[in-house]
2 protein chains.
Amino acid sequence: MKLKMEMSLDTKECWNCPIKHQAVCARCEPDELATLEQIKYYRNYEAGQPVIWAGDHMEFVASVVTGIASLSQTMEDGRTQMVGLLLPSDFIGRPGRDSAPFDVVAVADLTICCFRKRPFEDLMTTTPHIGARLLEMTLDELDSAREWMLVLGRKTAREKIASLLAIIARRDAALRKHTPKDGMHFDLPLTREAMADYLGLTLETVSRQISALKKSGIIELDGKRKVVVPSLEKLINETGDDMDGGPIA
Amino acid sequence: MKLKMEMSLDTKECWNCPIKHQAVCARCEPDELATLEQIKYYRNYEAGQPVIWAGDHMEFVASVVTGIASLSQTMEDGRTQMVGLLLPSDFIGRPGRDSAPFDVVAVADLTICCFRKRPFEDLMTTTPHIGARLLEMTLDELDSAREWMLVLGRKTAREKIASLLAIIARRDAALRKHTPKDGMHFDLPLTREAMADYLGLTLETVSRQISALKKSGIIELDGKRKVVVPSLEKLINETGDDMDGGPIA
DNA sequence: GCGCGACTTTGATCAGGATCAAACCGGGTA
DNA sequence: TACCCGGTTTGATCCTGATCAAAGTCGCGC
């Protein structure tokens, strides 16, 4: 059993938070940050642990600080669809509702910064910065979700895999604050099954298509979980998207 | 060529607008409404006409007043995916961005209430009501989009058709301000092709599955475009969703 | 080292939808 | 009336990805 990951001390204050420029608190004035500081607390989850089940009462909203979580739905017969990946700075929860619409599960070891819901909502009504930033983030997420609908509804298995890899490559580059480039390598944080659930495929098909991309020289694998992209252009060619643009998040 | 539909005079003032309680202006105070009144104008489109192409510069944001529009994406090779249906009171556009992320096309004769973008954005910063309402609407749309991802990624053709019919039935009932019930009948506002684009299917499969549902007694058809639902429960059984809940929008 | 369990790969077969093709229907117009 | 045209239905066949099954890989604890 792995030890629970703890955040290092120096990230425990808002003014030193690694996501302070991207998260819902990005626009806050010092006094607003001070208020957030009062109502926040951290929670840690290890890979695989559930954070929230759909329908649960939520007493907090939160921001992902480090790690990855998934947002997903499951039908009675067990078919599941992942509907979003939550990366650092992404927001969890909905001011104004108290039950969660989807399951949230830690995919990799996860730290979230929780805000007690009632005070957070109060703060939203008394200051414009949080609401404005949340609106901005929500509109971006809505665009991302809609772009993903094209992947789910119209792309082939190979295109789906390539699209997922391209997105992870872009996000990984963004987290490291440089642009994606040829020869880049990154961690594949998802199991084959999680990829399948995100892409609306089976895990066997995911495995086969990854093998096929490898055979075509589009990607190289280093172990099961590390990917090298020799030519970003070739990868994007496989996604079915036109060269520039394409889903960002 | 059909005559362009014009709104009747009595809906041309905000205080008499049919969607004033649901749209982005729902929370506005009288003085805010007065400002909106200054910056708004109506536009009409007939079925089939484009409203905006993806990438276009947008000089307005808008609310659907009457009719239906679709939000969609098309790949270079022609594959298209509808990513949303816009019904009366739904919002078009994104404060803070000036190019449209998706195509908007009138599916049925359409009237929208446009707000010049710059003044609208200014109004958003000076009053909380519009931003708060827009956030609320955007969060709902995000949930809807994510629910639709389950349909696209994991449901069978039959389940997809049943899900679409169930959604249209619910929305139709909501527009008429009563709850959906057994024996209800409603208009099918979409062509088979539009349904296919919404569901990630081909139009032939849509046609076949509608025939199959008819043969099973789940629905009855009156012409090509009117549907009767003898038992709502039976229809929902076909969606794969559990009885209550299910996608709302 | 060995064995176990979680995850992954690969193979064989099946089936749900796509594709290609043709006929049908209803409404508008010459 | 006959014709045409957009939308729809139905049929025959194909193919992608699902399903069922078995073997391979890696990390970890004993």
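Note that these values count all heavy atoms, side chains included, but never hydrogens, waters or copies made by symmetry. Throughout, a chain's letter reflects where its sequence line sits, starting with A, and its residues are numbered from 1.
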Student: Could you encode protein contacts along nucleotides 15-20 of chain C as a string, one character per nucleotide from 5' to 3', using B for base contact, S for sugar-phosphate-only contact and - for no contact, with a heavy-atom cut-off of under 4.0 Å?
Tutor: --SSBB
Student: Could you give the distance from CD (A/Gln49) to CG (A/Asp109), rounded to the nearest 0.5 Å?
Tutor: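 These two atoms lie 8.5 Å from each other.
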Student: Do the side chains of B/Glu220 and B/Lys214 get close enough for a salt bridge, i.e. N-O under 4.0 angstrom?
Tutor: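 The answer is no: the pair does not qualify as a salt bridge.
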Student: Any side-chain donor-acceptor pair under 3.5 Å between B/Ser216 and B/Arg158?
Tutor: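 Checked: B/Ser216/B/Arg158 side chains pair up, N/O donor to acceptor below 3.5 Å.
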Student: If you take any heavy atom closer than 4.0 Å to DNA chain C, which residues from residues 210-229 of chain A end up in contact?
Tutor: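 Going residue by residue through residues 210-229 of chain A, the ones with a heavy atom under 4.0 Å of DNA chain C turn out to be A/Ser211, A/Lys224, A/Arg225.
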Student: Rounded to whole angstroms, how far apart are NZ on A/Lys160 and P on D/dG17?
Tutor: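 Nearest whole value for this atom pair: 8 Å.
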Student: Give the rounded distance in Å between these two atoms: CD1 of A/Ile161 and P of C/dT9.
Tutor: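 Roughly 10 Å, once rounded to whole Å.
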Student: Between A/Leu203 (CG) and C/dT9 (C1'), how many Å, whole number?
Tutor: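 My rounded result for the distance is 10 Å.
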Student: State the OG-CD1 distance between A/Ser163 and A/Ile236, to the nearest 0.5 angstrom.
Tutor: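 Atom-to-atom, A/Ser163:OG and A/Ile236:CD1 are 10.0 Å apart.
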Student: For DNA chain D, find the residues of residues 188-196 of chain B with a heavy-atom distance under 4.0 Å and give them by number; none if there aren't any.
Tutor: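 DNA chain D contact set from residues 188-196 of chain B: B/Thr191, B/Arg192.
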Student: What's the spacing between A/Gln73 CD and B/Leu150 CG if we round to 0.5 Å?
Tutor: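 Between A/Gln73 CD and B/Leu150 CG, I get 4.5 Å after rounding to 0.5 Å.
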Student: Quick check for you: to the nearest 0.5 Å, what is the distance between A/Phe91 atom CZ and B/Leu139 atom CG?
Tutor: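 The CZ atom of A/Phe91 sits 8.5 Å away from the CG atom of B/Leu139.
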Student: Report the residue from A/Ile68, A/Val51, A/Val64 that forms a side-chain contact (heavy atoms from CB on, under 4.5 Å) with A/Leu86.
Tutor: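 One option only clears the test, and that one is A/Val64.
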Student: Hey, could you give me the CG/CZ distance between B/Leu142 and A/Arg146, rounded to the nearest 0.5 Å?
Tutor: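 Separation between the atoms: 9.0 Å.
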Student: Can you classify the ring geometry of A/Tyr198 versus A/Trp148 as parallel (below 30°), tilted (30 to 60°) or perpendicular (above 60°)?
Tutor: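 Parallel: the ring planes of A/Tyr198 and A/Trp148 meet at under 30°.
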Student: Just verifying a value: how many Å separate A/Leu164 CG and A/Leu190 CG, rounded to the nearest 0.5 Å?
Tutor: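 If we round to the nearest 0.5 Å, A/Leu164:CG and A/Leu190:CG are 6.5 Å apart.
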